[in-house]
Amino acid sequence: MESQKRNNAQGEIKTFQNALFIDKEAVFALLLCQEGLLAPVSHLMNEEEMQEVDATGLYRGQSFPFSFVLAPSGKRNAIVLQNAQEGSVITLVCEGNICGELIVDSVFTIDKQQRLFKIMSGDIYSQKAQDIYKRLGNYAVCGKYSLFLNNEQFTFMHHVSKQAILQTKKNIQANNVTAMVLDASPATRIHERIFRFALDESDLLVLLLLRHQNEGLLDFHIRKTCLQFIIENYLPTNRILIFPLDDIYLFAGTHGIILDAILTQNLGCDRIVIGENYPNLTIYYDNQKIYSIFDTIKDIKINVKLVNEFVYCSQCNTIVSLKTCPHGNHHHIHYHSGFLQGILQAGLIPPTILMRKEVSAKILSYLYPKRFSPLLKQFGTMFANNGMIEEQDDEDFYLKLIDLYQTHSLK
């Protein structure tokens, strides 16, 4: 047994001697390409293709913001690429696990500064840009690759596939499919309003939920859980799908929104909904007309719908668009995610005009697990119930507490 383990270990070491060590962002980018979601790009570009795309912003006649190459940083990676020969097989390793292999076609040098400039749309001095620069190597490799993602480390990438979306589209005979990129941190009443608005004008809605490399207060799991609750209880479940979209550095700059359009088009969508305050949306005015970055793209056949900002108006007593509400800003309650996160982080329950009580309860019980265990044991029977003994948890406690806040006495 010990001999077998030793032989396995030696085999792994031998394999890793001719390996490229890449991170999950690179794996996800390769996966998007492998599944046809970056079409017409279907492979890692060679040096000639890289130079052409970076110079023209086009690939096979379609807009593509910058070249698609694999250029991992690190001294060990540089040595492997410098010694690579045409036809040699390189193992791809991510976080200590083999995730694929690549058959080398060619290796060439890249201009890291120029590539950073392309990715960040000129914004090369921000902290985000400097972090990306550190991850870029001096050598790029092109060739046919295959990914092996059966390892538990990579199962997170298989929640919803392109085939699942196309199959759902076929099942419900959807003619119009809308996509929306969102963070939902947290999911609010405004999200629901926009979802309903999109479903009024399309047969299927695909929510591309961002999954960050460094999650903040609310990680991907709790954000997805809250979205699924809203969909399953208040929206037509057969007409909405959640597609996990890793927030990788390729989408970092202003031109990243073009990749959003390319990706959603390849998912079978014909429209993408974007808020006017979307961070990567460049809007400008010319001759009293509004234009965006989408007015500069070529041969990407997807319609773009800009959604106005919504607020809660204390005079209208409902959610309204800033463009349609006649009342002043002092009557408006804005749905800023930072403000709502601050309330939740303080352990407080946001007003139900901002978030559904069930969503608040899920998030607070996630942020503060077992917070009310002593109270539940001692005072669990203080709440009104259906007359039966019920097992309660923190989420139930929040829901019943919110109900008490909404109870009014007779006057």
Side-chain angles (χ1 to χ4, degrees), residues 28-45 49-69 115 117-123 160-163 165-166 168-169 174-182 194 198 201-210 241 243-286 289-307:
F28 191 79
L30 292 173
L31 179 64
L32 291 178
C33 183
Q34 179 175 280
E35 296 197 352
L37 296 179
L38 298 181
V41 175
S42 59
H43 59 275
L44 290 169
M45 296 180 181
E49 290 172 320
M50 176 190 72
Q51 292 174 349
E52 180 182 352
V53 172
D54 287 342
T56 65
L58 298 172
Y59 181 74
R60 296 185 179 177
Q62 177 183 296
S63 291
F64 206 87
F66 43 80
S67 54
F68 185 73
V69 298
R115 180 154 180 80
F117 188 89
K118 286 289 183 180
I119 293 173
M120 295 303 296
S121 310
D123 177 22
V160 178
S161 65
K162 174 182 178 179
Q163 288 70 30
I165 293 174
L166 295 179
T168 301
K169 181 179 178 181
N175 295 316
N176 304 304
V177 183
T178 295
M180 179 179 175
V181 180
L182 74 163
I194 296 174
E201 300 184 356
S202 59
D203 303 312
L204 179 64
L205 175 61
V206 179
L207 302 177
L208 288 86
L209 182 61
L210 293 174
L241 289 174
F243 182 91
L245 178 62
D246 275 39
D247 189 19
I248 57 179
Y249 72 85
L250 292 181
F251 296 88
T254 303
H255 289 125
I257 201 168
I258 299 178
L259 288 180
D260 289 336
I262 293 172
L263 188 149
T264 52
Q265 177 177 274
N266 288 316
L267 283 174
C269 304
D270 47 58
R271 187 173 73 157
I272 183 170
V273 172
I274 298 173
E276 286 185 346
N277 57 353
Y278 189 78
N280 284 342
L281 181 64
T282 301
I283 293 180
Y284 61 94
Y285 291 87
D286 186 24
K289 288 185 178 181
I290 186 171
Y291 296 91
S292 76
I293 193 172
F294 287 104
D295 294 293
T296 67
I297 62 177
K298 181 180 179 181
D299 207 31
I300 298 178
K301 300 177 178 62
I302 190 165
N303 296 319
V304 180
K305 176 65 178 179
L306 295 180
V307 179

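Remember, predicted model here, so these are calculated numbers, not experimental data.
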Seminar exercise, completed: CG (L30) and CG (L44) are apart, to the nearest 0.5 Å, by 6.0 Å
Exercise. Looking only at heavy atoms, what is the nearest atom pair of A29 and F68, with distance?
Worked result: O-CZ, 3.6 Å
Problem set entry | Heavy-atom side-chain contact between L259 and F64 under 4.5 Å | yes
Exercise. Q265 side chain to D270 main-chain N or O, any donor-acceptor pair under 3.5 Å?
Worked result: no
For this session: Evaluate the side-chain proximity of V273 to I194: yes if any heavy-atom separation is below 4.5 Å, no if none is.
Result: yes
Exercise. Any sub-3.5 Å donor-acceptor pair from D203's side-chain atoms to A174's backbone N or O?
Worked result: no
Exercise. Can you find a pair of side-chain heavy atoms, one from M45 and one from Y59, that are under 4.5 Å apart?
Worked result: yes
For this session: Among R115, K118, E52, find the residue that satisfies the side-chain hydrogen bond (donor to acceptor under 3.5 Å, both in side chains) test when tested with S67.
Result: R115
Exercise. So, D247 side chain and L210 main chain: donor-acceptor pair closer than 3.5 Å or not?
Worked result: no
Problem set entry | Over all atoms of both residues, closest heavy-atom pair of V206 and C269 | CG2-SG, 4.1 Å
Problem set entry | Option passing side chain to side chain contact (heavy atoms under 4.5 Å, CB included) with L207 (candidates L182, L241, T178) | L182
Exercise. Can you check salt bridge (charged side-chain N to carboxylate O under 4.0 Å, His left out) on R271 and E201, steps first, answer last?
Worked result: CA-CA 10 Å; R271 187 173 73 157; E201 300 184 356; 2.7 Å; yes
Exercise. Looking only at heavy atoms, what is the nearest atom pair of L166 and G268, with distance?
Worked result: CD2-CA, 4.2 Å
For this session: Among D260, I272, L245, find the one that has a side chain to side chain contact (heavy atoms under 4.5 Å, CB included) with L208.
Result: L245
